[in-house]
Each structure stands twice: as structure tokens, then as C-alpha cells.
Amino acid sequence: MSHYRSNLRDIRFDLFELLGRDTVYGTSPYGDFTTDAAATVLDEAERYAANRLALSFSDVDRAPVTFDAATHSVRLPEGYRASAADYLSSGWLDLDLPEAISGQAVPPTLRWCVTELMLGANAAIPQGINVIPQVVRLLHQEGNAVQRRVAELITERQWMVTMVLTEPDAGSDVGAARTRAVPQPDGTWHLEGVKRFITYGDHDLTENIVHMVLARPVGVDGAGGPGTAGLSLFVVPKVHFDPESGELGERNGVHATGLEHKLGITGSPTCEMTFGADQPAVGWLLGDRHAGIQQMFEIIKHVRMLVGVKGMATLSTGYLNARDYAVNRVQGQPLVRTDAAVGAVPIIDHPDVRRSLMTQKAYAEGMRALILYAASQQDRIEVSRAQGTLDAEADACHQLLLPVIKGFCSETAWRILGQESLQIFGGSGYLKDYPLEQYVRDTKVDTLYEGTTGIQGLDLFSRKIVRDRGATLERLLAEMDKTVDDGDDSFATERALLREGIEAVRGMCTILTDRWGTTDHKDQRPLAAQDTTPLLLQLGNLICGWLLLRSAQIAQLRISTAEPADRDFYAGKAATGRWFARHVVATLPAQLISVQHTSDELIQIPHTAF
């Protein structure tokens, strides 16, 4: 039996009852994807995820990824490799390909729902493979004619791709990268350097790998300067090939020179990669222009959302596994006996277990709503582009939410899985008999790669909130104000708590903005920077609370008229919105007090005081 527990009912609720995607699906440019067609896609995706992709999830008896230093080759475990090859050829990646290649325009909201199902079933496989459509999209949009042909070959011959940014001595400071790119008379470039933490850097899954490499050009006027602005993006294949036929030639000078030994997602290879050590590592400048960090960020933005979805998807299946266990595990006596003959009860009848399950349910469903709300902004952007314009407000909202999705969802999923989901199983949760211990290990990395949570907090505040003087955030908060002002009176307590939470976040932003200062007055920035991560986490709590309360009000209206099978679902949605408002959103004013009391003591004390 598959470990994976999906939640299609909640996905459909978010799409069609909370976010009204039924008014978008079936209309231009998504004419082929009516609500009925979308439902079919979701059903089939869930079936594939649970019955095929999930089967190679457990690493209990899995042979490890192996690395042969002499040949610089990585081999995947046999079962994992077969499952990854099946996913690569399954056709599910086609949903994310650009319309110019796939011939179909798929709503982003639907694409992210399918992605959730795949990541929840076996994250290690799609986490790397799902980058393929984004590289194809980038090559197609930014590349020259030859590079657009490379995009076609990647899809035709099912080649793998990588993102190659991090270096051993640079880490998250991408601008400190030292990998060089030397121009050649024939228009190609030779790359020289070492990169680290490269997912799927080498393997035996596909015949070729196309590496997207950030490197610093040398000897080129106007390019190659210091920092991230001096980096360019290069297309570097593992194996040379004929650009027309795709027929493979000689090996290129890029090799795996190490394999990372990881806490989790152990089936996927993470490699150290060396360029140009024994032979030239030949590559091409993407689009024949030096705009590397801008171009790479088109992939990074997608991957940051992918990471947040992975965290949410894992928490969701972790919660549902815990719920099933709590229903079936009989242990302990009720606190209050109503019948002298009563014996041991299922642990779901114990109040603290119910508190724990509600915590898991609320965060999993709140994060799903947050992610799909952001995806609905992507729907708006794509619709506007199809009309020859750009929905600037939707684009700004999407950009604002990306660091929240990446940082808040990854941190929260890791914390709740460990503190609550695994805890439901007691000592059994610590064993490999159940999937929870692997969920916990596989999820920790989400807080680290593609920018740690601290980096996401700084990005949210300095690049999103400060840059437009809080205008985008204020539009979002004003939308929340409408829920407070126009809500159901039966949720009066929760609406009042939401109002206090909104004002608390507004207050945090005001304090941090004042401390951040201007370009000419930034002495207090280290003081403000202490609270950018707390701001990110509390904004995540607020958005989840708002969307859960909206969901609760919708559900409350439908309980009385719902089909019997749906009444418990709606009752659960109403209870979840109430609980989150009373027990999470209610804590936001205390966080404002904390920010008010932040001092420069942490900045002033010496290193030895820590």
C-alpha cells in the first residue's frame, strides 16, 4: 500500500469554491481546460502519483547512490532509477512546457495542483526533474536559434537539466562566485571552476545533461565585473551533440568530482561539479547577451515556489497519515467516563491528540490556500499576456508572495512534521516502519536550498516591501480588511482577531521601514534586519489565517445544503478557520510587541559573548 495520502477534496475546494477558478478555466487562453477537464487531470495525476510514483519512496532497503571517482560517474539505485525514468516519460511534465512547444495553455493553478500530488508522493524524483520545463521555457524565450533547438532536443530526447550556481567558498553569496568563462574564437566559451550542491549533477538516468551555469566572463568589455551583475549564464552539455539531430558525440569537460552524503532525499544525487580541469568545458552564452542573474532568476523563482509546494505537500500527507493512525490506534482511557464499561479508546479521542491533528490540518490547508492564491495571480498574469498586456498588480503580488511561500512553508512544514505529525505515532514514528521519519528528514533541506529562510526574509522586506514603499503589501492587507468588514456575523470573534492581526503586521512593517531608513540614512538597518525573518513568518501566518477564515465562511454557508458525504468536510473547514484565528492569528499582536522591543544589544555584544 502506498504511503501517500492525497487531499483532492481540499484541492478542489480551493480551486473552485475559494478562488473561483471555474470562471477562468475553459476561457481564453485556457479553452481546452474546462472544470471537467481539470477534474479529470487531477484524478489521473493522483492515480499516477499514488499508484506508481510513490512506490519507490521508501529508502528503507534502497541501495545508495554510488559514485565512481575514476570515471566521474554517478549511478542511481535501480528501483529509484526505474521510477524516475517512468516519471520522465509519463507526460506529466508536458503540462509545464511553454505553449509554443506543447501546443496547450494550462492554467498555473492546475499545474501547481498536479505538482503538489507528485511532490507529495515522492519528492526526490520530481524536485529535480520538474526543473526541465523551466529550462526549456528559458531557452525558448531567451535563447538564440541554436539554443531554441536545444530546448526542443531536451523534450524530444528526454535529457536532464541542472541549475549550477553555488560554489564551495561562496555558498549563498552568489556574487562571490569565481568560476570563469573564457571566450573562444568560434563563439563558444570555456568554463573553469568548481560548483557544489548540484542536484542531478551526474547520473545514469538520461543520455545527456544540459547544465545552466553561472560564471564570470573574463576579458570582455562591459561584462564580468564584481558581484552578481558580473555573472553570465552559459549552456554547457555533459556530452557534445549534433544540434540538428541530437546525435551524441564526445564527452565535454564537465565532470562530477564528488557526491554529497545527505540527511534526506537520499535517492537523488547531489554533486560537486568541476569544469575544465582536464579538457575544455565548452558552453554557449545564453541568448548571446550578458544577463546571467536576471536569466537564472526566471528559474529560481519557479524553484522557490516548488520548494514551498514540496513542504506543504509533505506536511499534508504527513497529517493524513497521522490522522489515519490516530483513528486506528487504541490506547488510553477517556478523561471523562460516560459509561463505566468503556475501555481503551482510539487516541483521536484524546484532547491533545485532537489539538495536534487540528494544528497539522490547519497549517497544511492554510499553506495550500496560500500557494494556490499565489498561483491564481499567475493565472491573471498569463491571461493578461495573452491579451498583449501585463497585469502589473498581479505580477507584484506574485513576487511579494514568493519568499513567503518558500520561507514560511518550508519552515512550518519541517516544524509541524517533527513536533506534531511524527509525535502522533509516539515511539513508532521514530522507526522506519512508518513514513514520518523520512518525511522529517526529506523536508529539512527545504529551509536551506534556493536561499535560506534568513535570505527569504531579507528579500521579502528589502526587495519587495521597501522597494515599492509597501504598496503591494498594502493592497493585499486591504483585501483582508474586506473579509473583516463584510464577513459572516457568526465569525465575529475570528474577524476581530483577524483585524488585530492585520494591524499587527502593518505595525511591524512600519517599525522595520523606519529602522531601515534611506540610502543616506541606514545606520539602523542591522536593527531592522533582526526582524525580517519573524516578519516573513508572521505574514505567512496572517495570509493563511485570512484564507482559512474565508474558507470557513464559505463552508459554513454550505453545510446545511451539502450532500451527506460533504457535510463533515465543510464542518471541518469551518472548524479549521475558527481554530487558526483563535490560536495562531491571535498571537500576532504579541509578535508586534516583540518587534517593538528589539534592541541593538545583539549587534553590540562581542563574538565571544555568544
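Remember, it's a predicted structure, so these values are computed and weren't measured experimentally.
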CZ/R157: more than 12 non-hydrogen atoms of other groups inside 6.0 Å: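 Buried by this count: over 12 neighbours within 6.0 Å.
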CZ of R251: more than 12 outside heavy atoms within 6.0 angstrom?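 Above 12, so yes.
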Identify whether the distance between the nearest side-chain nitrogen and carboxylate oxygen of [X] and [Y] falls below 4.0 Å.
X    : Y    : result
E260 : R196 : yes
E156 : R149 : yes
E450 : K406 : no
R441 : E437 : yes
R137 : E298 : no
R111 : E382 : yes
R9   : D566 : yes

I need the single residue from I543, T576, L370 that forms a side chain to side chain contact (heavy atoms under 4.5 Å, CB included) with L548. Which is it?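 Of all the options given, the one that passes is T576.
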Taking side chain to side chain contact (heavy atoms under 4.5 Å, CB included) as the criterion, tell me which of N252, T162, D202 meets it with H211.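 Single side chain to side chain contact (heavy atoms under 4.5 Å, CB included) partner of H211 among N252, T162, D202: T162.
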Between SG on residue C113 and CG on residue N7, distance to nearest 0.5 Å: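 Rounded to the nearest 0.5 Å, the SG-CG separation comes to 11.0 Å.
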From CD (Q438) to CG (L436), nearest 0.5 Å: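 The CD atom of Q438 sits 10.5 Å away from the CG atom of L436.
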State, to 0.1 Å, how close [X] and [Y] come at their nearest heavy-atom pair, and which atoms those are.
X    : Y    : value
L117 : A45  : CD1-CB, 3.8 Å
L153 : G246 : CD2-CA, 3.8 Å
G201 : I209 : O-CD1, 3.6 Å

Establish, from distance only, whether the side-chain atoms of [X] and [Y] form a donor-acceptor pair under 3.5 Å.
X    : Y    : result
E250 : H240 : no
Q104 : Y30  : no
N122 : S56  : yes
R368 : S316 : yes
S268 : K262 : yes
T166 : K195 : no

Sub-6.0 Å ring centroid separation between [X] and [Y]:
X    : Y    : result
W159 : F241 : yes
W189 : H290 : yes
F275 : F234 : no
Y434 : H3   : no

Run the side-chain hydrogen bond (donor to acceptor under 3.5 Å, both in side chains) test on W546 and E479 for me, step by step, so that the C-alpha distance in whole Å, both residues' side-chain angles and the decisive distance to 0.1 Å come before the verdict. CA-CA 10 Å; W546 165 55; E479 194 173 349; over 6 Å; no
Would a distance-only check, ignoring hydrogens and angles, find a side-chain to backbone donor-acceptor pair under 3.5 Å from T40 to D36?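 Checking the backbone N and O of D36 against the side chain of T40, a donor-acceptor pair under 3.5 Å is found.
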Quick check against the 3.5 Å criterion: does S83 have a side-chain atom that pairs as donor or acceptor with the backbone of Y80?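 Checked: no pair found.
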So do the side chains of Y373 and L476 get within less than 4.5 Å of each other, counting heavy atoms only?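 Yes; the side chains approach each other to less than 4.5 Å.
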Measure up the [X] and [Y] rings against each other and bin them: parallel (under 30°), tilted (30 to 60°), perpendicular (over 60°).
X   : Y    : answer
W92 : Y48  : tilted
F16 : Y25  : perpendicular
H72 : H255 : tilted

Got a sec, which residues hit ring pair (Phe, Tyr, Trp, His ring centres under 6.0 Å) with H140, two or more places apart in sequence or on another chain?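 None.
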Residues that P269 engages under side chain to side chain contact (heavy atoms under 4.5 Å, CB included), provided they are two or more places apart: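 If we apply the side chain to side chain contact (heavy atoms under 4.5 Å, CB included) test to P269, skipping adjacent residues, the hits are V65, V74, L76, Y200, H203, L259, C271.
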Please name all residues satisfying side chain to side chain contact (heavy atoms under 4.5 Å, CB included) with R323, sequence neighbours left out, ordered by chain then number.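 Y319, L320, L357.
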